[in-house]
Amino acid sequence: MQHYCESLTEYKRLKTKEVKIGDLLLGNFHPIRVQTMTTTDTMDTLATVEQSIRCIEAGAELVRITAPSKKEAENLLNIKNELRKRGYSVPLVADIHFTPNAAEIAARIVEKVRVNPGNYVDKKKFELIEYTDTDYAEEIERIRERFTPLVKICKEYGTAMRIGTNHGSLSDRIMSRYGDTPVGMVESAMEFLRIARAESYHNIMLSMKSSNPQVMVQAYRLLIKTMDEEFGECYSLHLGVTEAGDGEDGRIKSAIGIGTLLEDGIGDTIRVSLTEDPEFEIPVCKDLVKRYVSRVPAAGNREPVPKLEKIAYDPFSYQRRKTFSVNNIGDHHVPVVIADLSKIEKITPVHLQSIGYTYDAATDKWNIGDAAADYVFTGHQLLGFELPGTLKVIVYPDTWQTASDKTTYFPIFSDSGFAEAETKSENLNFVMVDCYSDHKPVYDYSFLEKMAGDPTVVICLSSTNNNAVQSVRRMFAELIDRGIKNPVVLITDSSWQTPDEHLIHFATETGALFLEGMGDGICLGFSSKAQMENIKATGRTYLEVKDIYQFANNTAFSILQATRTRISKTEYISCPSCGRTLFDLQETTAKIRAVTNHLKGVKIAIMGCIVNGPGEMADADFGYVGSGPGKITLYKGKEVIKRNVNSEVAVEELINLIKESDAWAEV
Ligand code: SF4
């Protein structure tokens, strides 16, 4: 194992222990399974059965159903029987928080139970408690007593279990000792896992979910390392980003978190949590998983990129790679966005609307949006109109030579072209490097030395290698090892077909690197013009794309937002809803979004219930949490500000709260 995965330089699945869930086998190189969770009331048997069937027909291989108390746990039997009667044998999973009694009933009925170690036995009152080692050991003993009966039932009935840690619902005990850190998340699961192992129960998988992809990725990596060091083996892993939200943002956040891990061969089953109907989660899962079906290297396959024996960065914590700045790129600057308009025959001011600039003829001024690209790449084209002052243009060297305004136009070279060029910009030169596209046993890095330390050079990394993320990451490792501090722009093209596939491709390939502090800019493009035209006409799509350039530009900004490297809009942390939900989450999220989507940088959590609410939105500035039928509790951070507000006026009250907190802005 290399730190947390089988290989840092090629795609290799992590070997994990096999889990049997009914007839479904998972882990130990079985295909990555896709799953979802119902949003209906568990006591409504028919609605739950019908929604489960919609999920199964969409491709779900496991369906999770909430069991908040004994009566819902008991009703799982009716749901299961009805599904089996209708010919559906997909395994069911009971989702448990707080109620060991419900878990013990459910474990005798369904094929798998999920327990949350943060609240299965432990307290969650947001109290900071000083534990001596003896107190702490006594608490673990208390957990052992309360958790062991469930383990024994699972063993007896052949029921599988997921120990599902949530970043936002860690127990007071874990929070007091470790804080809400990846280390705390890992320890929370390990305590339960040790108890299960002591009972020789191994039909277990684990998860480390968070709404922040960075925390989530670090926690999974750390968990693998910890299991490997302590047990010499890894249990299967269920991947997910919690409260990812809906639409494009929900898909991007999920793809960044889940995709980053899948790229490293980590993950045996995935769930994409969207604030949408659960059957819509399945195509996103499938799009994520299919990227790896043909990626498994055959026996004797050649090494695609040079091996990496040690890494000069810490994969368990975030640190942006140290760079100097060139113009507004690198060092302390937020990553820049470069819009690729090179496939447009004649670029006009109208095209700039797609990338965040609107021209106002009355004032003869450009309005610049929060998601306005910083640079455009136009290929061989010089623009015949006055540009917004903040926008710069990148062109090929021969075209750059002919540009009269060398403060707006900058050249982009190939690596060999740069070394040979007689004329270069005195301020800013972009240099393209295709990382490890041609396999060479000994890779020649001499081209790097030619630009290393040149204060005008921004390196643009891309890769046509099958293991593109690994290739670019390997090149970053080389830059770090050689002390090269030039800023780097990540260039990613997509040759997929549908908007959904493009979105997942872009988010996975660039997000994985931004999460590791690698990247000072982003440029997204498409492999061919025909493919770009095709994107609008494609049949199977869940995202509507009216304007391909706007799509690429918005996706770039959303990736930066989701990796928290550049904030350009309001952030919504909304739960996917489940049988505990106390209001219409989709409708409410849309309503809140409509009135707050201009509040750049403000994080709003929208949670269906109080059970996990305050904890799961740990990261939010404001929270809107269901606290009873028709009742909402409003939070500022983790503090309750207004309790049990009538849901009819709750959105208005939320706005008042944001205003009182000086976080409001008029449109
Ligand atoms: S926060 Fe949402 S998804 Fe989580 S348990 Fe409550 S209603 Fe269900």
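This is a predicted model, so every value here is computed, not measured. In each ligand, atom 1 is the first atom listed, and ligand 1 is the first ligand listed.
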Subject >> S273 and T242: CA distance, side-chain angles, deciding distance, side chain to side chain donor-acceptor pair (under 3.5 Å) verdict >> reply: CA-CA 6 Å; S273 304; T242 48; over 6 Å; no
Original post:
Are Y572 and E243 close enough, and set up right, to give a side chain to side chain donor-acceptor pair (under 3.5 Å), and what steps lead you there?
Top reply: CA-CA 8 Å; Y572 299 95; E243 291 91 38; over 6 Å; no
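Ligand-side atoms of ligand 1 in range of G608: 2 (Fe), 7 (S), range being under 4.0 angstrom from any heavy atom. For ligand 1, the atoms closer than 4.0 angstrom to any heavy atom of T581 are 7 (S).
At a heavy-atom cutoff of 4.0 Å, ligand 1 is contacted by the side chain of C575 but not by its backbone.
Nearest-heavy-atom check against atom 6 (Fe) of ligand 1 across G626, C609, S574 picks out C609.
For the side-chain hydrogen bond (donor to acceptor under 3.5 Å, both in side chains) test with T269, the passing option among E61, Q35, R33, H238 is Q35; the others fail.
Look at C578 and atom 2 (Fe) of ligand 1: no N/O/S atom of the residue is under 2.8 Å from the metal.
S577 contributes no side-chain N or O that, together with a main-chain N or O of L585, makes up a donor-acceptor pair within less than 3.5 Å.
By the 30° and 60° cut-offs, the orientation of the rings of Y178 relative to Y136 is perpendicular.
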